[in-house]
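In what follows, a single structure is set out as C-alpha cells and then discussed.
Just follow the structure's listing: the first ligand is 1, and inside any ligand the first atom is 1.
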Amino acid sequence: MLKDLKTLEAWFVTGSQHLYGEATLKQVNHDSREIAAALDRSSEIPVKIVFKPVLTTPEAILAICREANNAENCIGLITWMHTFSPAGMWIGGLKSLSKPFMHLHTQFNRDIPWDSIDMDFMNLNQSAHGGREFGFIGSRLRIERKVVVGHWSTVEVQRKTGVWLRAAAAWHDWQGGKVARFGDNMREVAVTEGNKISAQIQFGYSVSGYGVGDLAARVNEVSDSEIHDLIQLYEADYQVPSEAKEGGSLRDSLKEAARIEMGMRSFLEEGGFFAFTTTFEDLHGLKQLPGLAVQRLMADGYGFGAEGDWKTAALVWAMKVMALGLEGGTSFMEDYTYHLHPDGMKVLGAHMLEVCPSISTGKAGLEVHPLGIGGKADPARLVFEVASGPGVNASLMDMGNRFRMLVNPCEVVPADAPLPNLPVARVVWQPAPNLEVAAGAWILAGGAHHTGFSMAVTAEHLEDFSEIAGIEYLLIDDNTVISSFKKELRWNDLYYHLAKGI
Ligand code: MN
C-alpha cells in the first residue's frame, strides 16, 4: 500500500541540440539543473524530481525513454525545451515511451532584459519557439499530455505540475495493481458492471473474484485475543456507546465486526490487493454485512466499491493515491436522497454503511443498528458528519466502446437540521452549478449513483488522470449548459468511435 509519494520520482528532461556550441549547452545544463532542484524543493511537488542531463540527439532521447519505461519508481517525465530541440529527434523516444509525460512550457529567464537584450540572449532563451516545435510532435503523434505554461518559480506553475504528478502517481499505482471482488455483481444493476478485460487493457489493474466463503473462512480463523486488541483501538478512536462496551448488549456485534475486519484485512494484505468490493446479496458465512471493516480499510487507503462495483473501487483507490498528504479525505459515496426545496436544492450522500471516516469531522460514533436489507445480524458502523468546504464527485462508466470519467465539483454544506434518526455517515452538498443542471447533465451522461467523493482531490487531478489513462473526461461545473452538454456527448460518441482509426 503506497503511503508516501516521496518514494516515487519523476524525471526532469530537457531538450536542446548541438547547433549552439558547447558553452551554450553547458549553460542549458546548468539552468535545467536549477529548475529541477527548485521543483524538487517545492511543497507543491509531491514526488522526487530527478534531473537528467540535457538531450541533444535522437539516440539519447530514445535511451532515456527506454530507461524511464524500466525504472520501477519513475512515474513519468517532465519535459522542457530550453532551446530549440528539433522534434524529429523525439519521434522514436516518444513512440516508445510507456510512461506519461507533461510539457513544462517555461523559460529559464523570467523577464525580457529590455535594455540589454541581444542575439545571445535570444538564442539562449528560446522556449517560446522550442516548446512549439515539441508541441507539434506531441500532437502529430496524438499523445495526450498536460501543458503547463508560466515561469517555473511561480506557485501556480508548481501547483499545476504537482497536480499532474499526483495523477501520474495514481496511474503508476494502478499498473499491475489488483482489485478483489467478494461475490459478484448484484441483482441486475447495470452501471456497476463492465468489461474487466477492457479495464485491464486500458487501466493496467486486474479484477479477481472470490467466493464469500473464502473470506468467511479467513474471518473464522481470527483469534479472540486479536479481536480484543482491535476493540481496544476502536474504544480509543471512536465514541462507543455503553451498550457496546464490555458486558453490554451490543458487545457481541462489535466483536463480530472486529472479527470481520481482521479477516478481511489479512485476506487483502496477503493477496496484495489495493481495492475491493462486497455485495449484500451474498454474505454466505458472514454474520454481518461488513460496515465498520470497510470504513476502516478505506481510511487506511484501500479503494472500495459496494455491490460488486469494481470500477468505483479502483477509482477510489486512485483518488486516495492522488490525495496522499493533502488536507481532506476521500470516500466511496452514493447520491442517496434529495432535498428539492426551491430555495436550495441539495443532495444527501451516504451509503448503507460504507462511508470512509477520512472525511469525518470530529470523533466518529461507533454504532450498531439493524439493517433493513441483507437479512443478517445488526452491523456495526461509524456514524459522522462532514465539515463544509469544496468537494468533488467522480464516476467511471463502461460505455461499451470506451470508459467515461464524469466529474462534478460540489460544495459541502451543513444539514438544515440535526439528523438524529439516520444511523449512517452522511454528507450534504450542493453540486455545481446547481442540482438541476448537475443532476440533469449527470443523468444524460449515464453517470453512476456510486462515486468517488473527495475533499482533497479536484477536477483538475481527475482531468489529468483521464488524459493519462486515455479515456473520455466530462466535467459538469459552473460553465455547464445542458444544451451544449448534450452536443458534447454526441460529438464525443463520434470522436471516440473515429479515434480508434485516426
Ligand atoms: Mn450502492
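- Scanning all heavy atoms of the two residues, the minimum distance from Lys311 to Gly194 falls at NZ-N, 4.3 Å.
- Residues Tyr302 and Phe274 keep their aromatic ring centres 6.0 Å or farther apart.
- For the residue pair Thr458 / His461, a side-chain donor-acceptor distance below 3.5 Å is found, with atom types taken as modelled.
- Aromatic pair Phe267/Phe276: centroids not less than 6.0 angstrom apart.
- Between Phe273 and Tyr210, the ring center distance clears the sub-6.0 Å criterion.
- The list of salt bridge (charged side-chain N to carboxylate O under 4.0 Å, His left out) pairs with a residue in residues 388-402, not counting sequence neighbours, reads Arg402-Glu472, Arg402-Asp493.
- For the Mn ion (ligand 1), protein N/O/S neighbours under 2.8 Å (waters excluded) are Glu307 OE1, Glu334 OE1, His351 NE2, His450 NE2.
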